[in-house]
Amino acid sequence: MSEKLNVVPFVSVDHMMKLVLATGVERFLIELAAYIEEDFRRWECFDKTPRVASHSAEGVIELMPTSDGETYGFKYVNGHPKNTRSGRQTVTAFGVLADVGNGYPMLLTEMTILTALRTAAMSAVAAKYLAPKKPRTMAMIGNGAQSEFQAIAFKAILGVDKLRLYDIDPSATARCQKNLAGMGFEITACTSSQEAVEGAEIVTTVTADKQCATILTDNMVGPGIHINAVGGDCPGKTELHRDILLRSDIFVEYPPQTRIEGEIQQLDPDHPVIELWQVIAGTAPGRSGERQITLFDSVGFAIEDFSALRYVRDRLQQTGLYEELDLLADPDEPRDLFGMILRAAKAVPMAQPLISAIG
Ligand SMILES: NC(=O)c1ccc[n+]([C@@H]2O[C@H](COP(=O)([O-])OP(=O)(O)OC[C@H]3O[C@@H](n4cnc5c(N)ncnc54)[C@H](O)[C@@H]3O)[C@@H](O)[C@H]2O)c1
């Protein structure tokens, strides 16, 4: 990587796609999942805070920072469920990694694609500890931008090869089915959530709607199921009926954030939950019985993005799939920041008045 102090490696959307294709989507998800597990095992090393959210009637813009003492990372991300109507993504993101020692950014990258990958990898890691053994069938309710990534992660990491899809918009299901064709799935397009969950060992809910929706009702959830609830991730934005939560063992990323944003915002503030990092570190049990209903109340936490940024940075060294961004001012003498502008003015014709004004 460049030694030039003004340069920060930048991963554009184009380079991210090339990185994913050069790596292979399944391998990317498996390796990213390993980085997430590694960081969850050292959970206590990290600065943690609920993300800083700016809510509006249409959506939310969030900043998600964390640090392990050596490296700092943050993600900017939005969530605007009506965006797809104007041709925009519901979720877009970019992120930065920086050196804690000198504060200099070390990486700037697109994170819209990376967020879909990290969310899917995180879901699959949680399911590895919580789902019934050797699951084959997953219902996926909500077949939007995140959905194919979820499906591929569950196949690569758990061996899920039967999908039961449902979306209120049949064209979303058709697109998801078409995109996943030839990837080793047996896919059933369903006409209701009820139909989709039939025979599924794992149910993923990944819908976008800025309200307390009821994507799953209590009668749809039989014993032994693992629920991967991804779409409820803001105050007033949930997917599951409260009665399901009361029958489930609930696993979360970071309780202070999930109590504000997750499905458990519907419960008392002291309702017991298990922190997923403890399950991964081996200090709390994951699935402990065949009839247990496990729920991963996913909202997305900064450490997962940190893992994703760390993974991409390591991959760049091997692939060179980035460009050099002239992001940081680097005068010849560190305190001569204004002098750097004066020297640049000589090369810019429009700046002649400035040069004559200062003689
Ligand atoms: N937990 C996390 O870490 C995390 C990360 C990324 C995104 N998300 C959330 O995941 C959700 C999905 O994101 P996306 O980018 O795929 O959005 P998207 O808008 O591309 O897709 C959402 C899909 O849900 C469908 N839908 C809406 N209401 C439904 C209902 N009642 N039943 C069935 N389908 C329904 C829509 O028709 C759409 O196809 C969003 O709510 C987003 O905020 C969570």
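Nothing fancy with the numbering, it's 1 onward along the sequence. Each ligand, and each atom within it, is numbered from 1 in the order the structure gives.
Side chain to side chain, Ser171 and Asp169 meet the donor-acceptor criterion of an N or O pair below 3.5 Å. Side chain to side chain, Glu110 and Ser12 fail the donor-acceptor criterion of an N or O pair below 3.5 Å. In summary, the side chains of Asn83 and Thr90 do not present any donor paired with an acceptor at a separation below 3.5 Å, with no hydrogens or angles considered. In summary, the side chains of Glu261 and Tyr254 do not present any donor paired with an acceptor at a separation below 3.5 Å, with no hydrogens or angles considered. Side-chain contact annotation: Tyr72 with Asp99, donor-acceptor N/O pair under 3.5 Å absent.
Close N/O approach between Gln146 and ligand 1 is found [any backbone or side-chain N/O within under 3.5 Å]. Ligand 1 has a nitrogen or oxygen under 3.5 angstrom from a nitrogen or oxygen of Gly231. For ligand 1, the polar-atom distance check finds an N/O of Asp233 within less than 3.5 Å of one of the ligand's N/O atoms.
The ligand atoms of ligand 1 that sit less than 4.0 angstrom from a heavy atom of Gly300 are 1 (N), 2 (C), 3 (O). Near Ile215, meaning under 4.0 Å from one of its heavy atoms, ligand 1 places the atoms 30 (C), 31 (N), 32 (N). Shown in contact with Ala172 at under 4.0 Å from a heavy atom are these atoms of ligand 1, numbered in order with element: 39 (O). Within ligand 1, counting atoms from 1 as listed, the ones closer than 4.0 Å to a heavy atom of Gly144 are 16 (O), 20 (O), 21 (O), 23 (C), 39 (O). Each of the following atoms of ligand 1 lies closer than 4.0 Å to a heavy atom of Thr90: 17 (O), 18 (P), 19 (O).
For atom 12 (C) of ligand 1, the closest non-hydrogen atom of the protein is Val206 O, 3.4 Å.
In the candidate list Ile168, Thr207, Ile141, Val91, Thr207 is nearest to atom 40 (C) of ligand 1, counting heavy atoms. Nearest-residue assignment for atom 1 (N) of ligand 1 (options Ala116, Ala145, Ser298; heavy-atom criterion): Ser298. Nearest to atom 5 (C) of ligand 1 by heavy atom, out of Thr205, Thr119, Asn83, is Thr119. Nearest to atom 37 (O) of ligand 1 by heavy atom, out of Asp169, Val299, Asn228, Asp167, is Asp167.
The shortest distance between side-chain heavy atoms of Tyr166 and Thr173 does not fall below 4.5 Å. Looking at heavy atoms from C-beta onward, Ile303 lies in side-chain contact with Lys48 at the 4.5 angstrom threshold. Taking 4.5 Å as the limit, every side-chain heavy atom of Ile202 sits out of range of all side-chain heavy atoms of Ile225. Considering only heavy atoms from C-beta on, Val203 stays 4.5 Å or farther from Met138 through its side chain.
Between Asp68 and Arg42 a salt bridge is recorded (basic side-chain N to carboxylate O distance below 4.0 Å).
With a 4.0 Å heavy-atom cut-off, ligand 1 is reached by the side chain of Lys237 but not by its N, CA, C or O. Using a 4.0 Å cut-off between heavy atoms, Arg118 contacts ligand 1 through its side chain alone, with no backbone atom that close.
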